[in-house]
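Take a look at the structure set out below.
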Amino acid sequence: MAKILDVTWTIDQVDIPVHLHEERRSNRRVSITKTGIHIRLPKTRWRKASAVDLSWAQEWVEEQVRIRPSLIEPFRLREYHNGQQIITPAHTYQLRINSESRANGSGKVIGDTLQFRLPKDSRPKERSLTIQKLLPKVIGKHQLPRIRDRLHQINDRYIRREIKAVRIKDNSSNWGSCSSTGNINIAARTLLTPLWVQDYICVHELAHLIELNHSAQYWSIVAGILPNYDEAERWLKTDGPSCQF
């Protein structure tokens, strides 16, 4: 596979990276992923990237965004300011942003305050991107004990299997994962979902301690703990994409 062009499209006032690939394929395809818009074309030695007509792909993307505006939320640049509240169902934080003589940004939670220390010579867009990148890590670290306790509570009551480790990761490809060795990862954006949805995500991963697949037996385990788990599934499908720090 060869990447032949990287550009940016502005869709609904949001800048989205566009990656054009040439592959050994007979058809063309476009998709929207966490890294941007990916357009895949049949490989040809005569193609000039600058002359490729991508209007069909842009029309498809615009239609998808019209149907599901949340598709572009991961790419929307957010603005942050001192005193701003960052609200999660379990905790409300207040931003405090300090500009200092330093090379990199850092953040930590002190009480109810999210304190960020940023390079004083960074531009507004760079500051926003730094905070946006740090938020899931800092809040994830702060709420990890609560998530870990909740996983153990549910496990002790229903699953009764060994949990080796629990981590919160800044992951946009799934809501969680569970390894065959008993390690459970929860996506940081889970912390923005309602608490009852967070419980479902915990149950979903804990059930994998018994069944590593998504077989009928696996879903029977989930239903035995949360009979209405499909409501959480629907919430994640419709509202989940908007869960962005």
Side-chain angles (χ1 to χ4, degrees), residues 14 34 70 72-157 163 165-177 183-206 226 231-232 235-236 238-245:
V14 177
K34 63 178 181 178
S70 59
I72 61 175
E73 283 305 308
F75 308 101
R76 190 182 298 278
L77 181 64
R78 288 158 175 76
E79 296 182 359
Y80 305 95
H81 55 82
N82 272 311
Q84 178 180 345
Q85 285 190 330
I86 302 296
I87 301 173
T88 73
H91 202 97
T92 296
Y93 306 88
Q94 189 172 57
L95 281 184
R96 180 179 178 184
I97 305 170
N98 296 327
S99 297
E100 304 176 359
S101 297
R102 55 188 298 123
N104 302 305
S106 67
K108 62 181 177 180
V109 176
I110 303 176
D112 293 330
T113 302
L114 269 170
Q115 180 172 295
F116 290 99
R117 304 167 65 191
L118 305 178
K120 65 180 181 180
D121 58 348
S122 59
R123 297 179 179 179
K125 183 176 180 178
E126 293 172 337
R127 293 164 67 85
S128 292
L129 288 172
T130 298
I131 294 174
Q132 194 167 346
K133 184 177 180 179
L134 286 172
L135 273 173
K137 298 178 181 179
V138 177
I139 293 178
K141 182 178 180 180
H142 181 247
Q143 295 197 25
L144 175 59
R146 178 183 66 82
I147 290 294
R148 184 190 293 119
D149 288 347
R150 188 58 180 149
L151 279 163
H152 281 284
Q153 289 171 6
I154 298 172
N155 182 55
D156 291 345
R157 182 173 181 181
I163 299 174
V166 177
R167 300 180 181 88
I168 292 181
K169 293 191 173 183
D170 184 14
N171 186 6
S172 59
S173 61
N174 57 40
W175 293 98
S177 63
N183 295 316
I184 294 178
N185 295 323
I186 300 295
R189 60 197 177 113
T190 295
L191 305 175
L192 297 173
T193 68
L195 294 177
W196 62 275
V197 176
Q198 294 182 30
D199 272 357
Y200 164 69
I201 293 171
C202 289
V203 169
H204 186 106
E205 301 311 328
L206 286 168
L226 293 175
E231 295 179 7
W235 192 96
L236 290 173
T238 58
D239 297 300
S242 65
C243 292
Q244 304 289 335
F245 284 99

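The figures that follow rest on heavy atoms only: side chains count, while hydrogens, waters and symmetry mates do not.
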| Trace of the side chain to side chain contact (heavy atoms under 4.5 Å, CB included) decision for Ile147 with Leu191 | CA-CA 9 Å; Ile147 290 294; Leu191 305 175; 3.8 Å; yes
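Judged as a side-chain hydrogen bond (donor to acceptor under 3.5 Å, both in side chains), and not counting sequence neighbours, Glu205 has no contacts. For Gln84, the side chain to side chain contact (heavy atoms under 4.5 Å, CB included) criterion is met by Tyr80, His81, Ile86, Leu95, not counting sequence neighbours. Residues that satisfy the side-chain hydrogen bond (donor to acceptor under 3.5 Å, both in side chains) test with Asp239, not counting sequence neighbours, are Trp235. Gln115 is linked by a side-chain hydrogen bond (donor to acceptor under 3.5 Å, both in side chains) to nothing, counting only residues two or more places apart in sequence or in another chain. Among residues two or more places apart in sequence or in another chain, the side chain to side chain contact (heavy atoms under 4.5 Å, CB included) test is passed with Leu236 by Trp175, Thr193, Val197, Tyr200, Ile201. For Arg78, the side-chain hydrogen bond (donor to acceptor under 3.5 Å, both in side chains) test picks out Glu73, with sequence neighbours left out. Every residue two or more places apart in sequence or in another chain that forms a salt bridge (charged side-chain N to carboxylate O under 4.0 Å, His left out) with Arg117 is listed here: Glu100. Residues passing the side chain to side chain contact (heavy atoms under 4.5 Å, CB included) test with Asn155, sequence neighbours excluded: Ile159, Arg161, Ile163, Leu206, Leu209. Partners of Arg150 according to the salt bridge (charged side-chain N to carboxylate O under 4.0 Å, His left out) rule, which considers only residues two or more places apart in sequence or in another chain, are Asp199.
In this structure, CZ on Arg167 lies 11.0 Å from CD1 on Ile184, to the nearest 0.5 angstrom. Here CG of Asn174 is found 8.5 Å from CG of Asn185. Values are rounded to the nearest 0.5 Å. The structure places CD1 of Ile139 at 10.5 Å from CG of Leu134, a figure rounded to the nearest 0.5 Å. Atom-to-atom distance recorded for Leu151:CG and Ile186:CD1 is 5.5 Å, nearest 0.5 angstrom.
Of all the heavy atoms in Phe245 and Leu135, the pair that sits closest is CB-CB, 3.9 Å. Here the closest non-hydrogen pair linking Asp170 and Ala188 is CA-CB, 4.2 Å. Ile97 approaches Asn82 most closely through the heavy-atom pair N-OD1, 2.5 Å.
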Donor-acceptor pairs under 3.5 Å, side chain of residues 103-113 to any protein atom, not counting sequence neighbours: which ones?
unit_1, atom_1, unit_2, atom_2, d
Ser106, OG, Arg102, NH2, 3.1
Asp112, OD1, His91, NE2, 2.9

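Residue-environment remark: CZ (Arg96) stays at or below the threshold of 12 foreign heavy atoms within 6.0 Å.
With a 4.5 Å cut-off on side-chain heavy atoms, Thr88 and Tyr93 count as touching. With contacts defined as side-chain heavy-atom distances shorter than 4.5 Å, the pair Leu114/Ile131 does not qualify. No side-chain heavy atom of Thr190 sits under 4.5 Å from any side-chain heavy atom of Gln143.
For residues 119-136, the set of pairs meeting the side chain to side chain donor-acceptor pair (under 3.5 Å) definition, not counting sequence neighbours, comprises Ser99-Arg127, Ser101-Lys120. Counting only residues at least two apart or in different chains, ring-ring contact (aromatic ring centres under 6.0 Å, His included) contacts with residues 106-141 are absent.
Arg189 contributes a side-chain N or O that, together with a main-chain N or O of Asn171, makes up a donor-acceptor pair within less than 3.5 Å.
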